[in-house]
Protein chains: 2
Amino acid sequence: MSNHHENLKNQIVCQSWMIIQEEGWQALSIRKIATAIGYSLPVVYKYFSSKDDLIEHFSKEGFLKLTEDLKNSIAEEHDSKQQLNLLAESYWNFAFNHRKHYEIMFGLGIPTCEKINSHVEMQDTCLVFENTIQQVIAQHQNTNLDVHLKLKTFWSILHGLVAIELLTNSEESASPSLILKDAIEGFILSLTNKKA
Amino acid sequence: MSNHHENLKNQIVCQSWMIIQEEGWQALSIRKIATAIGYSLPVVYKYFSSKDDLIEHFSKEGFLKLTEDLKNSIAEEHDSKQQLNLLAESYWNFAFNHRKHYEIMFGLGIPTCEKINSHVEMQDTCLVFENTIQQVIAQHQNTNLDVHLKLKTFWSILHGLVAIELLTNSEESASPSLILKDAIEGFILSLTNKKA
DNA sequence: CTACATTTGCTAACACTGTTAACAAGGAGT
DNA sequence: ACTCCTTGTTAACAGTGTTAGCAAATGTAG
């Protein structure tokens, strides 16, 4: 079993991805997939129980890739503050180099799929952020800070910048931008500065 | 002319809004609208050239309301730094009290409509932010700062926090949150602190 | 090798969607 | 009475996600 099985599932994913990249999420339809893989409609349903199921696959795939990129970006850096900068840069690059992925992951103008948030793959991404933030906090003996809160703030800054950029500059822009560096610098300060 | 005309257009908007609030954006269909207003399909097209056109109406309506809320929030406050805090709080409240509006305005999981960004109503919202930021900068003689850049940062922080909140805490949460205050505080510092 | 069972894939349909063409009824103006 | 135009209709086109029912091929047991 399952050689052809796996192969066909890959075919579906692969062809779907082509459609998405060339025509956007809106254009992705089961019928189009079916003809692309050279089979009839119901075959697709043998491998994905619904269209949402297929879309969720790409969302998970995106978080997997993002987590990998993030991990790689800090692998050879041992200063945890500098790691935060690298994470931010890596996050930004992911969003722009894998735009379509980012779109489903954070629901920016997608057909169906209501709540594809909070699966395991996303929690892994959180962990990468959290660990690094935790290190910076520990390093500066700022144990009064709430890591979860800071994680949320960090992620919000990143996503906010990316989303506004993606929404306004529809087509251009790529480099991590001054704003990003500035914002992250401020965030790091909020971790290292001691106050009341 | 146009008494009945205006009336029917209002009916369409009104009934559409009911559907959206009760069943979400996904459930909004021209047919459903038609039966809701007691007319047949093509009537809807007399008042809105397409579904996107109708959706865009709500997007504009949202930005109008947001701009109004923002302006009101700072009307009786003369300290421009404090105004920024009020703007942030007001923005947050708008996003949570007018969730469905916020969803289309920033494309969080919507059916059709590719690029409903950058219409005039949105630029008005920008202006409110920009004016206040400009004031803070002037007040601290930090004229080397780029207002547009700071505007983008401010908006990004706000949207980022809101979006992450809306995506994760699907149903709960309402109060402007500690993170928001913290983040805005940091932003204000970046406006008032002088450096290289 | 036959006979049954299972998988594999198909066609066709259901219930929807946005959008538009073609047409019927009513009132206004000449 | 005869146009003209607005107002509204029905019916259709071209799509969508999804599923039921059936045919053919494939594998397994006797």
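Keep in mind that what you see is a predicted model, and the values were worked out from it rather than measured. Chain identifiers are assigned alphabetically (A, B, ...) following the order of the sequence lines, protein sequences preceding nucleic acid strands; residue numbering begins at 1 within each chain.
When the C1' atom of dG15(D) is taken as reference, atom CD of E23(A) falls 14 Å away, rounded to whole Å. The distance between atom NZ of K51(B) and atom P of dT16(D), rounded to the nearest whole Å, is 15 Å. Taking atom CG on L41(B) and atom P on dT10(D), their separation rounds to 9 Å, with Å as the unit. In this structure, CD1 of I55(B) is placed 15 Å from C1' of dT19(C), rounded to the nearest angstrom. As rounded to whole Å, 10 Å separates atom P of dT19(C) from atom CD1 of I33(B). To the nearest angstrom, P of dT17(C) lies 6 Å from NZ of K32(B). One interatomic measurement links the two molecules: CG of D52(A) to C1' of dT18(D), which rounds to 12 Å at whole-angstrom precision. Atom CD1 of I12(A) is separated from atom P of dG9(C) by 10 Å (rounded to the nearest Å).
With respect to E130(A) and K150(A), no salt bridge is recorded, no charged nitrogen being found less than 4.0 Å from a carboxylate O.
Position along DNA chain C of the nearest nucleotide to Y45(B) versus Y47(A) favours Y47(A) as the more 5'-ward residue.
When only modelled atom types and interatomic distance are considered, T67(B) and T125(B) share a side-chain donor-acceptor pair under 3.5 Å.
Side-chain proximity of S40(B) to the nucleotides dC10(C), dT18(D), dT10(D) is greatest for dT10(D). The side chain of K46(B) lies closest to dG8(D) when the candidates are dG8(D), dG17(D), dA21(C).
In this structure, K9(B) forms a cation-pi arrangement with F48(B), its terminal cationic atom sitting closer than 6.0 Å to the ring centre and no more than 45° off the ring axis.
For R31(A) and dG17(D), a side-chain-to-base donor-acceptor distance below 3.5 Å is present, hydrogens and geometry of angles not being considered.
Side-chain N/O atoms of S29(B) include one lying less than 4.0 angstrom from OP1 or OP2 on dT17(C).
Using a 4.5 Å cut-off between side-chain heavy atoms of Ile, Leu, Val, Met, Phe, Trp and Tyr, with links allowed through other members, L64(B) and L87(B) fall into different hydrophobic clusters.
In this structure, L28(B) reaches the sugar-phosphate backbone alone: every heavy-atom distance under 4.0 Å involves primed, P, OP1 or OP2 atoms, never a base.
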